[in-house]
Amino acid sequence: MSSKIVPVIMAGGKGTRLWPLSRASAPKQFLEFLGETTLFQRTLARVSDTARYEPAVVITNSDFRFLVAEQARTAGVSLASILLEPVARNTAPALAAAATVVLRKYGEEALMQVLASDHEINADSTYFGCIDKAAVAARAGRLVTFGITPNEPATGYGYIEIGEDLGNGANAVHRFVEKPDRERAVEMLSAGGYLWNSGMFMLPVGLFLRELQQYAPEVLAAAQEAVDKAQHDLDFERLDEAAFTRAPDISIDYAIFEKTPIAAVVPSPISWSDLGSWDSVWKIGQRDEAGNVADGSTTVLDTRNSLIISRDIHVAVQGLDDIAVVASEDAVYVGRLEDSQNVGKLVKQLASLPKTQKLTETHPTAYRPWGGYTSVLNGERFQVKRLFVTPGKRLSLQKHHHRSEHWIVVRGTAEVTIGDKTIALRENESVYIPQGELHRLANPGKILLELIEVQTGSYLGEDDIIRIEDEFGRG
């Protein structure tokens, strides 16, 4: 048994609430905004103290597996395991699978701290003091959640009404309250004794699994079978799809916490946000004298209390107050900050139309385990992309049935294999890959490799890739 805490980080889910930067294929936890690290990497940093924590277990889905592995590597953080959910089944089955893995490695007395990968938290002494209080309560036989001390009548969070004082900074949970309307939220803040439900937990593994057996046996059975039949794949553990699919789609709140008599809450007066809207991003940002938060390529004039972010194009805003303007490579969102909680409704409308559906799913920039690419220009029978390859990485040995490719190096050094020949290309040098020819691209250098790729042919889809060898296990 380890006396340290085992972090379990939930890093799945689809991105809609911070559209257009967040998309289904690139949710907010893996994006850099208002800083040079992602929310996922900042979560990893909070559990990097090896005196307090064991290496983390990350739960994600197959689409994000390489993002998780690469961002952890870039952050210099070693992970204990990356569990891949074959289908989305909410938090109860995911945590049941993680707890099963932790139990087998550390025993039933181990403590499991559950964290979301997309929260912004100021990890100061107050925060770690709350972690210590939760650990004490958990070791005393409680399933512990963290309740954030509210500073406004927020309607985007559920609430927890606290019960009796258990000592050592923890209280019993009297009840959970669904996300309220504003009038009810004001009433709760005036009454006192209510906290925001953070979705973070401290759980004694053996006790947690016993409560699952009592209150959600179908969840536990499916999760344990999925772990028993999991397939090891490179750095990942693929949970068995048939077994995991049988788990009910239910949250840990509904499955356990609203039923168990041993739920406790640690009131946590910390700086915390789930960054569920552009309004919440503005609140945590560095504001100028006029109350504006501006990031990226922006110019702001005669504007107050606004959020302006641009990733690619230059955005200029003049004479407006209390708005959000967010520009990605291919879409721009403009709205009142107070309405930004409802961006999800706009995304649903975009997703319902064939013309705009893709804008909710993918970015022009796609990330791969070797780096990624940005779609620059598309036309009939041609496509232009910017490829970027991380130092030391290489693409699969592959061929295409329907297209040929031209590569022009603009930065770094490329090692190019064509058929049975391998050549080195430097900046301003180019090469032609005939249709149907085996080829491979690698970056043997110490800096990022960037190329312009011009594809020509009758079909240019990503599924016209026949992989012969691939060190990332892709077919």
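We're numbering straight along the sequence, starting at 1.
- Note: Trp196 and Trp272 have tilted aromatic rings, judged against thresholds of 30 and 60 degrees for the angle between ring planes.
- Defined by atom type and a distance below 3.5 Å, a donor-acceptor pair is present between the side-chain atoms of Glu237 and His232.
- Salt bridge absent: Arg311 and Asp330 never bring a charged side-chain N and a carboxylate O closer than 4.0 Å.
- Put simply, the side chain of Ile309 does not reach to within 4.5 Å of the side chain of Thr298, judged on heavy atoms.
- With salt bridges taken as basic N to acidic carboxylate O contacts below 4.0 Å, none links Arg411 and Glu427.
- Around OH of Tyr367, the count of heavy atoms belonging to other residues, nucleotides or ligands within 6.0 Å does not exceed 12.
- Between the side chain of Trp278 and the main chain of Trp19, a donor-acceptor pair closer than 3.5 Å is present.
- Expressed to the nearest 0.5 Å, how far CG of Leu350 lies from OH of Tyr333 amounts to 11.5 Å.
- Side-chain contact of Thr245 with Arg89: a donor-acceptor pair under 3.5 Å is absent, judged by distance alone.
- Thr38 and Gln29 form no side-chain donor-acceptor contact under 3.5 Å, judged by distance and modelled atom types alone.
- Salt bridge annotation for Lys105-Glu54: absent, with no cationic side-chain nitrogen under 4.0 angstrom from a carboxylate oxygen.
- Judged by distance alone, the side chain of Thr260 and the main-chain N or O of Phe257 form no donor-acceptor pair under 3.5 Å.
- Leu115 places none of its side-chain heavy atoms less than 4.5 Å from the side chain of Val8.
- The backbone N or O of Met10 lies less than 3.5 Å from a partner atom in the side chain of Ser117, making a donor-acceptor pair.
- For the atom pair CG of Leu397 and CG of Leu441, the computed distance is 12.0 Å after rounding to the nearest 0.5 Å.
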Would Glu70 and Arg73 satisfy salt bridge (charged side-chain N to carboxylate O under 4.0 Å, His left out), going step by step from the backbone distance to the final call?
-> CA-CA 5 Å; Glu70 181 61 19; Arg73 185 198 66 80; 2.5 Å; yes
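- Annotation: the span from Leu425 atom CG to Leu449 atom CG amounts to 9.0 Å, rounded to 0.5 Å.
- Using modelled atom types and a 3.5 Å distance limit, the side chains of Ser25 and Thr362 yield no donor-acceptor pair.
- Here the closest heavy-atom approach between residue Ser251 and residue Thr91 is recorded as CA-OG1, 3.2 Å.
- For the pair Arg403 and Glu405, the salt-bridge criterion is met [side-chain N within less than 4.0 Å of a carboxylate O].
- In this structure, a donor-acceptor pair under 3.5 Å is present between the side chains of Thr365 and Glu329.
- In Arg386, the CZ atom is crowded: over 12 heavy atoms of neighbouring residues, nucleotides or ligands sit closer than 6.0 Å.
- Under a 3.5 Å cut-off, the side chain of Thr356 and the backbone N or O of Leu359 do not form any donor-acceptor pair.
- Residue Val102 comes nearest to Ala110 through the heavy atom pair CG1-CB, 4.1 Å, listed as atom of the first residue, atom of the second, then distance.
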For side chain to side chain donor-acceptor pair (under 3.5 Å), just list the numbers for Thr422 and Thr417, CA-CA rounded to whole Å, side-chain angles, deciding distance to a tenth of an Å, and then say yes or no.
-> CA-CA 4 Å; Thr422 299; Thr417 299; 3.2 Å; yes
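- The distance from the CG atom of Asp274 to the OH atom of Tyr157 is 4.5 Å, given to the nearest 0.5 Å.
- Within a 6.0 Å radius of CD in Glu32, more than 12 heavy atoms belonging to other residues, nucleotides or ligands are found.
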Any chance you could lay out the side chain to side chain contact (heavy atoms under 4.5 Å, CB included) test for Arg368 and Tyr373, step after step, and finish with the verdict?
-> CA-CA 8 Å; Arg368 295 292 183 265; Tyr373 62 85; 3.5 Å; yes
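- Aromatic rings from Phe64 and Phe30 are positioned such that their centres are separated by under 6.0 Å.
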Using the side chain to side chain contact (heavy atoms under 4.5 Å, CB included) rule, take Ile465 and Arg467 through it: C-alpha gap first, then chi angles, then the decisive distance, then the call.
-> CA-CA 6 Å; Ile465 299 178; Arg467 292 187 176 93; 3.9 Å; yes
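- Looking only at distances, no side-chain donor or acceptor of Ser396 sits under 3.5 Å from a matching main-chain atom of Gln398.
- At a threshold of 4.0 Å, the pair Arg42-Glu120 counts as salt-bridged, since one of the basic side-chain nitrogens sits closer than that to a carboxylate oxygen.
- Taking a 6.0 Å sphere around NZ of Lys259, one finds it holds more than 12 heavy atoms contributed by other residues, nucleotides or ligands.
- For CD of Glu361, the number of neighbouring non-hydrogen atoms (other residues, nucleotides, ligands) closer than 6.0 Å is greater than 12.
- Remark: side-chain polar atoms of Gln41 are paired, donor with acceptor, to backbone N or O of Gln71 under 3.5 angstrom.
- From Ile323, atom CD1 reaches atom CH2 of Trp282 across 12.5 Å, with rounding to the nearest 0.5 Å.
- Of the inter-residue distances, the one linking Lys399 atom NZ with Ile418 atom CD1 reads 15.5 Å to the nearest 0.5 angstrom.
- Taking the six-membered ring for Trp and the full ring otherwise, the centers of Tyr127 and Phe146 sit at least 6.0 Å from each other.
- Between Glu108 and Arg210 there is a salt bridge, since at least one side-chain N of the basic residue sits less than 4.0 Å from a carboxylate O of the acidic one.
- You'll find the side chain of Phe208 reaches within 4.5 Å of the side chain of Leu143, heavy atoms only.
- Judged purely by atom type and a 3.5 angstrom limit, Asn443 uses its side chain to pair as donor or acceptor with the backbone of Ile447.
- Side chains of Gln435 and Glu437: no donor on one and acceptor on the other come within 3.5 Å.
- With contacts defined as side-chain heavy-atom distances shorter than 4.5 Å, the pair Ser404/Ile433 does not qualify.
- Listed by chain and number, the residues in a side-chain hydrogen bond (donor to acceptor under 3.5 Å, both in side chains) with Lys385 are Glu462 (sequence neighbours excluded).
- Relative ring orientation between His439 and His400 is described as tilted, the plane-to-plane angle lying within the 30° to 60° band.
- A donor-acceptor pair under 3.5 Å is formed between the side chain of Ser328 and the backbone N or O of Ala331.
- For the pair Asn428 and Val409, the minimum side-chain heavy-atom distance is 4.5 Å or more.
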Show the numbers, then the answer: is there a salt bridge (charged side-chain N to carboxylate O under 4.0 Å, His left out) between Arg104 and Asp228?
-> CA-CA 11 Å; Arg104 295 176 184 180; Asp228 289 339; 2.7 Å; yes
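- The backbone N or O of Ser306 lies less than 3.5 Å from a partner atom in the side chain of Asn292, making a donor-acceptor pair.
- Counting only distance, with no hydrogens or angles, the side chain of Arg65 and the backbone of Thr60 share no donor-acceptor pair below 3.5 Å.
- For the residue pair His314/Thr299, the side-chain donor-acceptor check at 3.5 Å is satisfied.
- Contact of the Val144 side chain with the Phe201 side chain is not registered, since no non-hydrogen atoms from C-beta on lie closer than 4.5 Å.
- Screening Glu225, Glu218, Glu241 for a salt bridge (Lys or Arg N to Asp or Glu O under 4.0 Å) involving Arg246 leaves a single residue, Glu225.
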Steps toward side chain to side chain contact (heavy atoms under 4.5 Å, CB included) verdict (Arg440, Glu469) = CA-CA 10 Å; Arg440 174 174 245 159; Glu469 293 179 8; 3.4 Å; yes
Apply salt bridge (charged side-chain N to carboxylate O under 4.0 Å, His left out) to Asp132 and Arg52, showing your working.
-> CA-CA 10 Å; Asp132 292 339; Arg52 185 189 299 268; 2.5 Å; yes
